[in-house]
There are 2 protein chains.
Amino acid sequence: MPELTVRTGITAAAHVVPAAPTAKQCRPAELAADLRIGIFRSARRLRAERGSADLPDHQYSVLGWLSKNGPLAPGVLAEMQHVQPPSMTRSVNTLVELGLVRKSEHPTDGRQVVVSLTDAGVTEVKETLRRRDTWLAERLAELNPAERSTMAAAARLMRGIADS
Amino acid sequence: MPELTVRTGITAAAHVVPAAPTAKQCRPAELAADLRIGIFRSARRLRAERGSADLPDHQYSVLGWLSKNGPLAPGVLAEMQHVQPPSMTRSVNTLVELGLVRKSEHPTDGRQVVVSLTDAGVTEVKETLRRRDTWLAERLAELNPAERSTMAAAARLMRGIADS
DNA sequence: TATTGTTATACTCTATAACTATA
DNA sequence: TATAGTTATAGAGTATAACAATA
């Protein structure tokens, strides 16, 4: 358990939730409704923070996946985004025109195309993430250490839930 | 502070986070990145749970706002959804054809139209929320009481953050 | 013959501008 | 004259089907 004594005056229970939820609020059914609202509202607000290219969500996701996974084929990107291949062809072409990605030949398979981020694309991803995290960090900085600890634990639990 | 002694064996600290986050994970900058991922992934997964009408998000939001606020004018709905009036005209007409909303005359102002949910529309909203909450509640039921308490506190903090 | 990607075509959603009806 | 809403038209995004190139 972290000792934050010096700076916060809080010792052992630095991550105790300050205003304890009631037992009712912790029942799965009630909690689900509360949490759903919190998640949707936060996601909506966060998504509004964008990089300077101000891309639509579906185009930004392409940059996000390339940033996370490295160069990918259009077919793979289409599958990731749950769209059909022709739609991804269109999105990728738009991003090429914007100078955010490039298309290159596959080294061994002449049928395939490899899509990768340009420097501008890398910058756009970084800028978008930076703006979102800056906005969120400013809000989190207004919380007290115990509340931040709660959010840190919740962040990990939400990732587990989403991946289940 | 709630006493959950009997059922959980946990007394004073029922909402203590089980695996305490490290101090680093609680710093606003690091926490923001973790939380952003948790929020986006959870929202994406939750949004996939829909009612039987399987409406696109923008059409479902109209039902959601009507459900929350009662009958509204198309212009108000357009403003809420940040779209232009003609777009909302189209969405509302689609929902009318689906039998989920109705358009009526304004009692005093002949220019205005009042959009309200039909019984089918009410049912669709309830079903969507029920499916999302059921899915989420099942995941939450797999957590231990302390983890659920953490999520309950986080839910309230997220609503505060989103509304700030 | 199967796979990868693109082009052709149509439908949906959105926006701006012009129009109708009412205040 | 101002307001609420619709219609007209055009620009994106997506889907299915057909096509081209390669394995």
Side-chain angles (χ1 to χ4, degrees), chain A residues 44 47-48 50-51 53-66 69-117 121 124, chain B residues 44 47-48 50-51 53-66 69-117 121 124:
Chain A
R44 183 189 176 88
R47 214 184 334 265
R50 300 170 185 230
D54 195 27
L55 299 172
D57 285 342
H58 68 276
Q59 285 178 18
Y60 177 75
S61 341
V62 172
L63 300 188
W65 273 309
L66 291 174
N69 303 304
L72 294 170
V76 176
L77 288 167
E79 195 176 2
M80 284 174 137
Q81 191 149 336
H82 299 107
V83 297
Q84 296 304 309
S87 304
M88 188 50 66
T89 293
R90 188 183 180 81
S91 292
V92 168
N93 287 343
T94 301
L95 291 171
V96 168
E97 287 169 21
L98 291 172
L100 297 170
V101 306
R102 71 175 72 81
K103 294 162 87 168
S104 359
E105 296 177 359
H106 190 282
T108 60
D109 187 339
R111 298 170 303 179
Q112 291 193 45
V113 171
V114 176
V115 182
S116 55
L117 289 176
E124 176 64 20
Chain B
R44 183 188 174 89
R47 214 183 338 262
R50 300 170 185 231
D54 195 25
L55 300 172
D57 284 341
H58 68 277
Q59 285 178 18
Y60 176 75
S61 330
V62 173
L63 300 188
W65 274 309
L66 291 175
N69 303 304
L72 293 171
V76 176
L77 288 167
E79 195 176 2
M80 283 174 137
Q81 191 150 337
H82 299 108
V83 297
Q84 296 304 308
S87 303
M88 187 50 67
T89 293
R90 189 183 179 80
S91 291
V92 167
N93 287 343
T94 301
L95 292 170
V96 168
E97 287 170 20
L98 292 171
L100 298 170
V101 306
R102 72 174 72 80
K103 293 161 88 168
S104 0
E105 297 176 0
H106 191 281
T108 59
D109 188 339
R111 297 170 302 182
Q112 292 193 45
V113 171
V114 176
V115 183
S116 54
L117 288 175
E124 176 64 19

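These figures come from a predicted structure and were not determined experimentally. All values below were derived from every heavy atom in this structure, side-chain atoms included, with hydrogens, water molecules and symmetry-related copies excluded. The chains referred to below are lettered A, B, ... by the order of the sequence lines, with proteins before strands, and numbering in each begins at 1.
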- Task: Have a look at A:P74 and say if it touches a base, only the backbone sugar-phosphate, or nothing, with a 4.0 Å heavy-atom cut-off.
- Result: sugar-phosphate
- Atom CG of A:D109 to atom C1' of C:dA2: distance rounded to whole Å? 12 Å
- Message: Could you check whether any side-chain N or O of A:R102 sits under 3.5 Å from a backbone N or O of A:V96, counting only pairs where one atom can act as donor and the other as acceptor?
- Response: no
- Check the distance between D:dG5's P and B:E79's CD and give it to me in whole angstrom. 11 Å
- Task: Quick one: label B:Q59 by what it contacts on the DNA or RNA (base, sugar-phosphate, nothing), any heavy atom closer than 4.0 Å.
- Result: sugar-phosphate
- Between atom CD in A:Q81 and atom C1' in D:dG13, what is the gap in whole Å? 11 Å
- Length of the CG-P vector between B:L55 and C:dT12, whole Å: 15 Å
- Tell me what B:Q84 touches on the nucleic acid: a base, only sugar-phosphate, or nothing, going by heavy atoms under 4.0 Å. base
- Query: What residue among B:V92, B:L95, B:V101 forms side chain to side chain contact (heavy atoms under 4.5 Å, CB included) with B:L66?
  - Reply: B:V101
- Message: If the cut-off is 4.0 Å, is B:K103 near the phosphate of D:dA4, judged by side-chain N/O to OP1 or OP2?
- Response: no
- 5' precedence on DNA chain D between A:P56 and A:P85 (nearest-nucleotide basis): A:P56
- Task: Could you check which of C:dA8, C:dA23, C:dC13 has an atom nearest any side-chain atom of B:R111?
- Result: C:dA23
- What's the CD-P distance between B:E105 and D:dA4, to the nearest Å? 17 Å
- Note on the structure: Of B:R90 and B:T108, the one whose closest nucleotide on DNA chain C sits nearer the 5' end is B:R90
- Message: At 4.0 Å (heavy atoms only), tell me whether A:H58 reaches a base, stays on the sugar-phosphate, or touches nothing.
- Response: sugar-phosphate
- Query: Between A:P74, A:S91, A:S104, A:P71, which is the residue that forms a side chain to side chain contact (heavy atoms under 4.5 Å, CB included) with A:V115?
  - Reply: A:P74
- Could you tell me whether a side-chain N or O of B:Q81 sits under 3.5 Å from a main-chain N or O of B:H58, the two making a donor and an acceptor? yes
- Note on the structure: Testing D:dG5, C:dT6, C:dT14 for proximity to the side chain of B:S87, the answer is C:dT14
- Note on the structure: When rounded to whole Å, the CG to C1' distance for the pair A:L77 and C:dG5 reads 13 Å
- Message: Go nucleotide by nucleotide along DNA chain D from the 5' end; which of B:Q112 and A:M88 gets its closest nucleotide reached first?
- Response: B:Q112
- Calculate the interatomic distance between B:D57 atom CG and D:dT14 atom C1'; express it in whole Å. 15 Å
- Counting side-chain heavy atoms from C-beta on, which of D:dT7, C:dA2, D:dT14 comes nearest to B:T89? D:dT7
- Just by modelled atom types, is the A:L100 backbone N or O under 3.5 Å from a matching donor or acceptor in the A:E124 side chain? no
